[in-house]
Amino acid sequence: MTDMNPYGELMLLSGTGNPELSDRIAREMGMQLAEMELTRFADGELDVKIAESVRGHDVFLIQPTCHPVSENLIELFIILDALRRASASRITAVIPYYGYQRKEKKTQPRDPISAKLMANIIELAGANRVICVDLHAEAIQGFFDIPVDALTATKILARRVRERHGHDVVVVSPDTGGALRARRMARLLDAPIAVIDKRRPRDDTVEVVNVIGDVAGLKAVIVDDLISTGSTLVGAAVALREKGATGVDVVVTHGVFTDGALQRLHEAPVDEICVTDTIPFPVGSRSFDDAPKLRILSVAPLIAEAIVRVHEGRSVSELFR
Ligand code: R5P
């Protein structure tokens with residue numbers, strides 16, 4: 001243990017949520033993932049055996065809580081519990097995609113606030129801090145009573161926009177809730193912004209009420225936190241083309257892609273769909289051949305750098321300046 005490292009040696013572990021991303025992060029850091037065996041009891045319940053001692057170590061457990069959400073969550077809770085009981089000196093839950101984040105407030109009477117419930121259980125299970133990427137609402141940070149380093153992929157996505165179009169774009173938020181996100185991207189690109197006023201009568205249907213801002217004659221870049229059914233982005237792309245945008249790219253941090261979403265986006269007036277690797281792809285039968293418009297950028301260097309900085313007690317916010 002050194003003065004720079006009051007938490008003991010750094011250790012990296014991975015759940016099964018996104019093993020490819022965990023490998024990429026480990027490679028960026030020039031480290032190996034610690035060995036861990038996940039097994040099932042006869043009735044399907046999960047068990048974990050961490051093969052090496054974690055006593056006194058500064059442990060980072062990488063586990064996005066993406067599809068299958070309940071499985072990935074329970075895995076996260078159980079591994080955290082094992083690490084806590086094995087006397088790790090500090091445990092950081094690295095959650096590149098935070099499941100249930102869209103349920104962060106009550107919108108109707110008798111609604112749950114599932115994002116808060118998940119935060120409670122993550123803390124209770126043993127996490128001492130959290131690293132995550134592009135939360136749906138920044139207020140989710142406050143659902144935890146432990147430090148949260150809320151990273152953002154905005155710079156990574158902005159670099160791609162600059163590569164394709166220079167600064168000659170209008171950055172569009174597909175709903176009023178994402179205006180701040182769009183403004184951040186626009187600032188990096190020195191570009192104007194537009195905001196779409198949308199209504200969502202059903203989970204898989206979106207109605208565009210209005211496009212606020214000037215998009216005619218410009219390449220539009222829609223920025224969002226996640227793509228689930230794709231309805232938001234398809235509705236936005238159609239509305240932008242109708243208002244005279246000369247092309248539409250979408251840049252999004254989390255590619256949740258429920259069934260049919262990628263196809264829907266490929267059939268829409270969208271030129272490129274750029275997501276990061278917080279969630280694994282391809283899933284099931286989907287492959288890159290079915291998705292020629294899709295481009296995936298890695299957040300592994302960003303997360304690796306954040307882990308090193310947290311471990312060494314250095315500023316993480318410097319990463320965004
Ligand atoms: C909404 O507030 C979010 O930021 C996303 O725009 C939305 O969740 C995307 O969902 P879908 O792809 O199903 O329209």
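Whatever order the structure lists them in is the order used to number ligands and atoms, beginning at 1. All values below were derived from every heavy atom in this structure, side-chain atoms included, with hydrogens, water molecules and symmetry-related copies excluded. Keep in mind the model is a prediction, meaning the values are calculated, not measured.
A donor and an acceptor atom, one from each side chain of Asp224 and His254, are nowhere located under 3.5 Å apart. Using modelled atom types, one finds no donor on one side chain facing an acceptor on the other under 3.5 Å when comparing Ser89 with Arg55.
The residues Glu37 and Lys49 are annotated as not salt-bridged, no charged nitrogen and carboxylate oxygen being separated by less than 4.0 angstrom. Residues Asp81 and Arg85 are paired through a salt bridge, judged by an N-O separation under 4.0 Å between the basic side chain and the carboxylate.
Results of the side chain to side chain contact (heavy atoms under 4.5 Å, CB included) test with Leu46 over Ile78, Ile79, Thr39 single out Ile78 as the only residue that passes.
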Measure and list all N/O to N/O distances between ligand 1 and the protein that fall under 3.5 angstrom.
| from | atom 1 | to | atom 2 | distance (Å) |
| --- | --- | --- | --- | --- |
| ligand 1 | 2 (O) | Asp175 | OD2 | 3.4 |
| ligand 1 | 4 (O) | Asp224 | OD1 | 3.0 |
| ligand 1 | 4 (O) | Asp225 | OD1 | 2.5 |
| ligand 1 | 6 (O) | Asp224 | OD1 | 3.4 |
| ligand 1 | 6 (O) | Asp224 | OD2 | 2.5 |
| ligand 1 | 8 (O) | Arg102 | NH1 | 2.7 |
| ligand 1 | 12 (O) | Ser228 | N | 2.8 |
| ligand 1 | 12 (O) | Thr229 | N | 3.1 |
| ligand 1 | 12 (O) | Gly230 | N | 2.8 |
| ligand 1 | 13 (O) | Arg200 | NH2 | 2.9 |
| ligand 1 | 13 (O) | Thr229 | N | 2.8 |
| ligand 1 | 13 (O) | Thr229 | OG1 | 2.5 |
| ligand 1 | 14 (O) | Arg200 | NH1 | 3.4 |
| ligand 1 | 14 (O) | Arg200 | NH2 | 2.9 |
| ligand 1 | 14 (O) | Thr232 | N | 2.9 |
| ligand 1 | 14 (O) | Thr232 | OG1 | 2.5 |

Salt bridge (Lys or Arg N to Asp or Glu O under 4.0 Å) evaluation trace for Glu272 with Arg164: CA-CA 10 Å; Glu272 182 170 280; Arg164 270 172 69 76; 3.6 Å; yes

